[in-house]
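Read the structure below first, then the notes.
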Amino acid sequence: MRERYDPEQIEGKWQRSWEQEKLFQASDDPGRKKHYLLEMFPYPSGKLHMGHIRNYSIGDVVARYKMMRGYNVLHPMGWDAFGMPAENAALENETHPAKWTYDNIGYMKSQLKRMGFSYDWDRELATCDVDYYKWEQLIFIKMYERGLVYRKKALVNWCQECQTVLANEQVEAGRCWRCHGEVDKKELEGWFFRITAYAEELLEYCDKLPGWPEKVIAMQKNWIGKSIGAEIDFPLEDGDGAITVFTTRQDTLYGATFMVLAPEHPLVLELCKGRREEAEVRSFVEKVRRQDLIMRTAEEMEKEGVFLGTRCINPLTGRRMPIYTANFVLMEYGTGAIMAVPTHDQRDFEFAKKYRIPMIVVIQPPGEELDQATMTGAYTGDGIMVNSPPFDGMDNRQAMEAIADYLEEKGVGRRAVNYRLRDWQISRQRYWGAPIPIIYCDHCGVQPVPEEDLPVVLPLDVEPKESGRSPLPDLRSFVETTCPRCRGLARRETDTMDTFVESSWYFSRFTCPDYDQGPLERERLEYWMPVDQYIGGIEHAILHLLYSRFYTKVLRDMDIGSFDEPFINLLTQGMVITDGAKMSKSKGNIVDPDDMIERYGADTTRLFSLFAAPPEKDLDWKEEGVEGSYRFLHRVWRLVHELRNYLSEQPHPKVRSDLPRDLWEIRQKVHKTIKKVTEDIERFHFNTAIAAVMELVNHIYQTKDEIEDTPLARSVWQETLESLALLLSPFVPHIAEELWEGLGKEVSVIKAPWPEYEREAIAEEEILVVVQVNGKLRDRLLIPASAEEQEIRERALASPKVKRHIEGKAVKKTIFVPKKLVNIVCA
RNA sequence: GCGAGAGUGGCGAAACUGGUAGACGCACUGGACUUAGGAUCCAGCCCGUCAUAGACGGAUGGGGGUUCGAAUCCCCCCUCUCGCACCA
């Protein structure tokens with residue numbers, strides 16, 4: 001063991017050793033209790049950033065801890081390797097997306113290895129490998145057969161920048177989730193996954209995920225957006241047919257005085273056709289359509305609309321309701337049409353005021369009388385029904401049920417549940433993705449590629465186009481094919497799948513990455529899944545996590561797996577920031593992991609990222625803090641280097657009276673630290689776990705020079721240093737191995753069992769009891785642990801510091817908390 | 001607007017079920033060792049008052065409450081962060 005801690009000297013050495021010994025290889029051994037630990041796999045963008053480092057450092061603590069705890073740990077790593085940046089980079093650097101991607105994977109893998117993460121690299125997978133996506137294509141076909149995949153023409157979100165369609169979840173405040181460019185609406189035909197078929201189950205299971213952060217659960221519930229209400233049909237005044245609306249407030253139906261359709265609603269142009277309003281309606285619809293999403297969803301968007309020149313009939317009142325189209329009604333939600341009740345909905349109120357549409361109050365708040373003529377805003381609360389003849393006097397909550405019954409009875413409406421969740425649009429007009437395995441035949445129509453013809457290989461002999469458009473549609477060798485049914489000439493689908501499809505099942509594939517008979521091998525899948533602990537960024541709270549949950553249920557229903565949910569426990573870690581701001585190239589505040597590793601080593605980098613903040617909080621990267629972590633490791637090193645000359649394998653007595661006081665205290669501190677670190681790792685409080693080890697080290701520094709070199713001391717030092725190496729090993733594995741070896745151990749520290757604290761060792765001889773008078777701290781007493789309550793009370797009252805405060809006062813009562821405190825209450 | 005969360009020293013943060021507020025680290029200050037130190041070791045480090053040891057008082061965004069006792073529980077308010085956002 002060298003005198004000076006030199007990470008460069010030891011880190012590579014141990015990384016090679018772990019690799020040679022295959023220490024992190026998970027065995028598919030059903031006889032052992034498993035622990036599947038997973039961190040979100042990275043997109044191979046070029047190099048790791050600090051967010052990755054933090055994410056994977058957190059995961060590695062848990063993985064190594066669980067290994068030492070005797071679990072059969074699966075801790076895999078792979079690459080979310082399809083995606084747009086590869087295409088952009090390929091253009092910029094005149095390379096091929098595949099080459100760019102695989103080069104990046106190579107480099108980032110070397111970075112992960114330099115960090116010493118405990119991955120089972122034998123299970124590595126990249127989603128752009130045919131061996132991976134061919135199974136995705138098979139799953140697609142099976143979903144198609146089950147009606148979970150369908151093709152439709154729809155108004156979709158189009159990202160100009162990315163030249164592709166985006167799913168609803170991928171639009172954030174009107175902008176693209178990746179490039180933050182503006183998103184337009186565009187009518188396009190594409191493929192959809194019927195995720196809405198699982199809306200109810202996805203929602204229901206939100207409450208069966210106690211291991212998930214509440215925040216994420218709330219976001220998912222919110223996104224699914226279930227609302228319970230009714231569908232009501234409003235017959236058209238002229239001609240046949242009716243407009244159906246969805247409402248959650250059927251209790252206000254008697255107050256519905258007009259109807260509003262979304263500008264995109266197909267009836268809008270149909271209804272105004274040939275009327276004098278037609279031109280105005282057309283220009284309004286055009287105007288709204290030109291407004292982009294950002295404008296349309298802006299905070300103070302003025303409510304505007306136009307009359308279609310025709311009316312419909314309120315099915316319960318018979319009232320003639322003018323039909324409008326307006327910018328505040330969304331085609332995406334409900335039926336794209338609303339019944340407007342200006343008295344009890346603020347938006348309808350504003351609209352009615354602006355266009356002078358009549359209002360009728362139908363709910364009176366308790367102890368108040370609303371008048372439609374003088375109201376200044378809608379009343380949305382509960383109350384008593386009025387102006388709704390059969391229901392007048394009824395509580396509106398009851399009326400909701402009663403009116404729903406009445407509608408069903410009369411056949412003009414029905415109870416209905418509506419979800420905000422839309423089907424998942426998965427067609428991407430991009431090259432670097434998994435081809436959608438579909439063939440179009442002029443005679444036979446849409447044909448899925450037969451199983452035996454899979455995979456549809458993404459051709460690599462293409463050049464990306466300057467325009468960003470996919471080269472696939474122009475690639476005759478790809479497009480031209482034969483119809484699997486009639487053998488005639490046919491065309492291949494040239495869209496590729498959303499890359500979120502790959503990441504929706506990769507965690508399952510890790511259980512059997514080499515399986516070649518199907519996407520997943522039952523036995524291994526069932527052994528390892530579900531993931532016991534998943535760790536990643538909060539930015540995936542909806543997108544990736546919702547899709548993965550959906551996919552898991554789909555696979556279950558195909559009888560591929562028997563579990564309902566993919567991730568039992570979820571930890572969402574905070575961002576890594578510098579000076580309070582997110583790291584970004586434009587701000588120039590990026591901290592480069594390579595630079596950190598080079599200057600301080602992997603262990604210091606890991607230690608700081610774990611110590612500076614608890615995992616869920618944002619972490620401010622501070623050079624001074626990194627120095628502090630580096631200093632601590634040097635301090636540990638020097639300690640072991642010095643004390644290793646005074647060790648003995650001889651077991652020492654465990655009975656307190658057989659050890660001198662100072663040695664006993666060291667032993668007690670060691671065992672208290674074991675307890676604290678163990679508990680803190682279990683609850684992911686890594687920062688306080690590390691603080692506890694620092695305390696131990698401080699304690700040893702303060703006492704070591706006073707301790708005589710005796711055989712007893714030597715065996716206590718032995719236990720102390722061994723514990724230190726063991727406790728540090730999940731956090732800073734390289735130095736821990738080196739210290740462990742320095743203590744004469746020949747087998748890796750990770751093979752050693754995690755230390756257990758001894759109950760007798762942490763037992764206190766004396767207890768610090770706090771004495772309060774009227775809740776104010778007055779004295780601290782060291783009391784023998786064996787003392788009885790009566791004795792402690794007496795000693796508390798006898799304390800001079802206490803006496804001073806109770807003198808001349810009557811003691812009303814004393815509160816006694818065993819082993820903690822005495823509170824004397826006096827007048 | 002709806003939903004979730006957070007406000008504690010100069011800074012990052014501790015305090016598990018109410019029971020010593022500020023562990024641990026950073027920064028800072030002083031001392032020791034030293035030719036030197038930005039190395040290392042030791043010590044100090046919330047604010048105020050009393051000249052001191054020490055004592056007393058105040059302090060966990062603000063205000064109220066429950067309690068012998070509140071950073072922690074309840075109510076009101078303020079600020080910030082995140083998510084959704086004309087959701088019918």
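Each chain gets a letter, A, B and so on, in the order the sequences are listed, and its residues count up from 1.
- Between A:His685 and B:A15 there is a side-chain N or O to OP1 or OP2 distance below 4.0 Å.
- Side-chain N/O atoms of A:Arg638 include one lying less than 4.0 angstrom from OP1 or OP2 on B:C41.
- No side-chain N or O of A:Ser609 forms a donor-acceptor pair with one of A:Arg54 less than 3.5 Å apart.
- Contacts of A:Pro614 with the nucleic acid, taken as non-hydrogen atoms under 4.0 Å apart, involve only primed sugar atoms and P, OP1 or OP2.
- To the nearest whole angstrom, the two P atoms, one in B:A43 and one in B:C26, are 14 Å apart.
- A salt bridge between A:Glu304 and A:Lys287 is present, with a side-chain N of the basic residue lying under 4.0 Å from a carboxylate O of the acidic one.
- A:Asn157 and A:Lys185 form a side-chain donor-acceptor contact under 3.5 Å, judged by distance and modelled atom types alone.
- Residues satisfying the side chain to side chain contact (heavy atoms under 4.5 Å, CB included) test with A:Lys672, not counting sequence neighbours, are A:Gln668, A:Ile762, A:Glu764.
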Carefully, step by step, assess A:Val822 and A:Val802 under the rule side-chain contact (heavy atoms from CB on, under 4.5 Å).
CA-CA 11 Å; A:Val822 176; A:Val802 171; over 6 Å; no
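- A salt bridge is defined here as a Lys NZ or Arg NE, NH1 or NH2 lying under 4.0 Å from an Asp or Glu carboxylate O, and A:Arg793 with A:Glu789 meets this definition.
- Of the candidates B:A13, B:C84, B:C86, the closest approach to any side-chain atom of A:Lys617 belongs to B:A13.
- Formation of a donor-acceptor pair under 3.5 Å by the A:Gln250 side chain with backbone atoms of A:Met400 is found in this model.
- Residue A:Asp620 is out of contact with every strand shown, counting any heavy-atom pair closer than 4.0 Å.
- Spacing between atom CD1 of A:Ile690 and atom P of B:A23 amounts to 18 Å, rounded to whole angstrom units.
- For A:Glu616, the CD atom is densely surrounded, since the number of other residues' heavy atoms within 6.0 Å is greater than 12.
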Please list each protein N or O that sits under 3.5 Å from an N or O in nucleotides 79-82 of chain B, with the distance.
| residue | atom | partner | partner atom | Å |
| --- | --- | --- | --- | --- |
| B:C82 | O2' | A:Lys215 | NZ | 3.2 |

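- Comparing A:Ala612 and A:Asp680 by the nucleotide of RNA chain B whose heavy atom lies nearest to each, the residue mapping closer to the 5' end is A:Ala612.
- In this structure, A:Glu3 places its CD atom where only 12 or fewer heavy-atom neighbours from other residues, nucleotides or ligands lie under 6.0 Å away.
- For the pair A:Leu261 CG and B:C86 P, the computed distance is 18 Å after rounding to whole Å.
- Residue contacts for A:Gln772: at a heavy-atom cut-off of 4.0 Å it reaches a base atom on one of the strands shown.
- For the pair A:Lys676 NZ and B:A14 P, the interatomic distance rounds to 10 Å; values are reported in whole Å.
- For the pair A:Leu421 CG and B:C87 C1', the interatomic distance rounds to 13 Å; values are reported in whole Å.
- The P atoms of B:G25 and B:C82 are separated by 32 Å, rounded to the nearest whole Å.
- To the nearest whole angstrom, the two P atoms, one in B:G61 and one in B:U8, are 6 Å apart.
- Between A:Phe500 and A:His540, the ring planes are perpendicular. Angles over 60° get that label, and only those under 30° would be called parallel.
- Atom CG of A:Leu607 is separated from atom C1' of B:G12 by 14 Å (rounded to the nearest Å).
- Ring geometry, A:Phe351 versus A:Tyr355: the interplanar angle falls from 30° to 60°, so the pair is classed tilted.
- With no hydrogens or angles considered, a side-chain donor-acceptor pair links A:Ser799 and A:Asp779 at under 3.5 Å.
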Give me the distances for all protein-to-nucleotides 25-35 of chain B N/O pairs that come in under 3.5 Å?
| residue | atom | partner | partner atom | Å |
| --- | --- | --- | --- | --- |
| B:G25 | OP1 | A:Asn698 | ND2 | 3.2 |
| B:C26 | OP1 | A:Arg631 | NE | 3.2 |
| B:C26 | OP1 | A:Arg631 | NH2 | 2.6 |
| B:A27 | OP2 | A:Arg631 | NH2 | 3.3 |

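- In this structure, A:Arg289 does not pair ionically with A:Glu264, as no charged nitrogen and carboxylate oxygen lie closer than 4.0 Å.
- Side-chain atoms of A:His805 and A:Arg778 include a donor-acceptor pair closer than 3.5 Å.
- In this structure, A:Asn823 contributes its side chain and A:Ile815 its backbone to no donor-acceptor pair below 3.5 Å.
- Annotation: B:U17 and B:C74 have their P atoms spaced 13 Å apart (nearest Å).
- Within the 4.0 Å cut-off from OP1 or OP2 of B:C87, not a single side-chain nitrogen or oxygen of A:Thr248 is found.
- Within 6.0 Å of the CZ atom in A:Arg2, the count of heavy atoms belonging to other residues, nucleotides or ligands does not exceed 12.
- Counting any heavy atom pair closer than 4.0 Å across all strands shown, A:Ile217 reaches no nucleic acid atom.
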Anything under 3.5 Å between a protein N or O and an N or O of nucleotides 54-60 of chain B, put it in a table, one pair a line.
| residue | atom | partner | partner atom | Å |
| --- | --- | --- | --- | --- |
| B:A55 | O3' | A:Arg804 | NH1 | 3.2 |
| B:C56 | OP1 | A:His805 | NE2 | 3.4 |
| B:G57 | OP1 | A:Arg778 | NH2 | 3.2 |
| B:G57 | OP2 | A:Arg778 | NH1 | 2.8 |

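- Counting non-hydrogen atoms under 4.0 angstrom, A:Tyr701 reaches the backbone sugars and phosphates but no base.
- Comparing the same atom, C1', in B:C78 and in B:G9 gives a spacing of 22 Å after rounding to whole Å.
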Assess whether side chain to side chain donor-acceptor pair (under 3.5 Å) is satisfied between A:Thr244 and A:Asp233, documenting all intermediate values.
CA-CA 4 Å; A:Thr244 302; A:Asp233 306 320; 2.8 Å; yes
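- The strand RNA chain B forms stems, runs of 3 or more Watson-Crick or G-U wobble pairs with distances below 3.5 Å, at B:1-7 with B:78-84, B:10-12 with B:24-26, B:28-32 with B:40-44, B:46-50 with B:54-58, B:61-65 with B:73-77.
- Using a 4.5 Å cut-off on side-chain heavy atoms (C-beta onward), A:Ile681 and A:Phe686 make contact.
- Rounded to whole Å, the distance from CG on A:Asp705 to C1' on B:U40 is 13 Å.
- Counting to the nearest Å, the P atom of B:A88 and the CG atom of A:Leu330 are 11 Å from each other.
- Of the side-chain N and O atoms in A:Gln702, one or more sit less than 4.0 angstrom from OP1 or OP2 of B:A43.
- For the segment residues 817-824 of chain A, the set of residues with a heavy atom within less than 4.0 Å of an atom of RNA chain B comprises A:Val817, A:Lys820, A:Leu821, A:Asn823, in numerical order.
- Going from the P atom of B:A71 to that of B:G63 covers 13 Å, rounded to whole Å.
- The same atom, P, is picked in B:U35 and in B:C45; the two are 31 Å apart, to the nearest Å.
- B:U72 and B:G7 are spaced 14 Å apart, taking the C1' atom of each and rounding to whole Å.
- Along RNA chain B, the nucleotide closest to A:Ala613 and the one closest to A:Met339 are compared, and the more 5′ of them pairs with A:Ala613.
- Classification of B:G31 as anti follows from a glycosidic angle more than 90° from 0.
- Checked against a 6.0 Å centroid threshold, the rings of A:Trp621 and A:Phe608 count as neighbours.
- A sub-4.0 Å separation between OP1 or OP2 of B:A88 and a side-chain N or O of A:Asn418 is absent.
- Side chain A:Lys303 to base B:C86: a donor-acceptor pair is found below 3.5 Å.
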